Amino acid sequence: MRSKSFSSVVKKYKAVLLDSYGVIKNHHGVIMGAANTIEKLRADGKLIRILTNDASKTAAKQVEQFRRLGLKDVVEEEIITSGMMAKHYLQSKKTKGLIAYLGTPAAAQDILDAGMSTIHISEVNGDNIDSIGAMVYLDDEGFDWNKDINRSLNLLRHRSIPAVVANSDQIYPVSRNEVSIATGGIAKLVEATLGREFIHFGKPDSQMFMHAFVQLNAEKKIEKSDILMVGDTLHTDILGGNKFGISTALVLSGNTRTANVKVNIKATGIIPDFICDSIAT
Ligand SMILES: [Mg+2]
């Protein structure tokens with residue numbers, strides 16, 4: 001499959017779902033030309049949603065960050081995070097008791113605190129373990145990797161409560177050549193150890209796509225065939241879009257390198273409808 005210009009690919013779609021990291025921004029800031037493209041999409045009347053597997057910040061804080069980076073027109077309604085989906089789940093399930101979490105208190109305040117009482121995993125002990133109603137893997141910082149991951153393991157060995165993964169990503173890039181283990185990778189370790197599967201939020205799972213679709217289609221004018229998902233990662237963005245039944249464009253401005261793209265597609269069997277160098281093209 002040859003790469004095409006993004007502007008030619010996006011023409012026939014009414015709505016565009018954009019992954020954030022590796023598509024709009026990277027560790028340097030906004031990807032060159034991305035801001036112009038987003039401006040052009042708006043000028044052409046296309047609806048935009050940004051779908052991010054980031055459970056560490058509210059949509060409002062994400063907007064602030066985009067604005068600081070120079071994307072002035074992004075509004076809160078356009079941002080859909082995996083953290084929001086995890087929060088909706090816990091709210092609609094009416095989770096009883098304290099919600100234990102692995103992550104920073106700031107992330108817990110942003111994502112979980114809305115009529116829910118939370119407790120950092122380091123504070124779970126023999127006295128309060130029976131009052132815990134759910135365990136949430138929220139973020140990859142804000143805890144002691146040695147002690148607190150084991151605390152979450154032991155909590156789930158002792159209590160039959162739902163375990164929620166608010167960001168399923170297993171790794172995230174920290175520089176051009178290095179990655180760190182992300183929340184989903186920590187959860188995977190505990191899942192494998194316990195021999196059970198947790199409840200995952202974030203791409204490739206369908207909740208964020210469904211949320212975007214319901215919003216975009218509020219006036220019953222958008223069909224799935226009118227939507228293009230754009231992402232840099234095959235097994236989250238592209239697999240998620242493909243499973244949801246919308247068109248997908250893989251961009252080579254992030255996780256997937258130009259030199260590896262054919263091999264990666266062949267190895268994973270995850271086939272995007274289009275390949276573009278970046279959204280700037
Ligand atoms: Mg990405």
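Order of listing sets the numbers, starting from 1, for every ligand and every atom in it. What you see is a predicted model; the values in this text were computed from it and never measured.
Of the N and O atoms on the side chains of E191 and H200, at least one donor lies less than 3.5 Å from an acceptor on the other residue. R157 and N154 share a side-chain donor-acceptor pair at under 3.5 Å.
In this structure, T281 contributes its side chain and F6 its backbone to a donor-acceptor pair below 3.5 Å.
The hydrophobic clustering, which links ILVMFWY residues whose side-chain heavy atoms are closer than 4.5 Å, places M116 and I119 apart.
Remark: F143 pairs with W145 by the ring pair (Phe, Tyr, Trp, His ring centres under 6.0 Å) rule, at least two apart or across chains.
Excluding waters, the protein N/O/S atoms found under 2.8 Å from the Mg ion (ligand 1) are D19 OD2, Y21 O, D232 OD1.
Across all their heavy atoms, I270 and P272 have their closest contact at O-CD, 3.6 Å.
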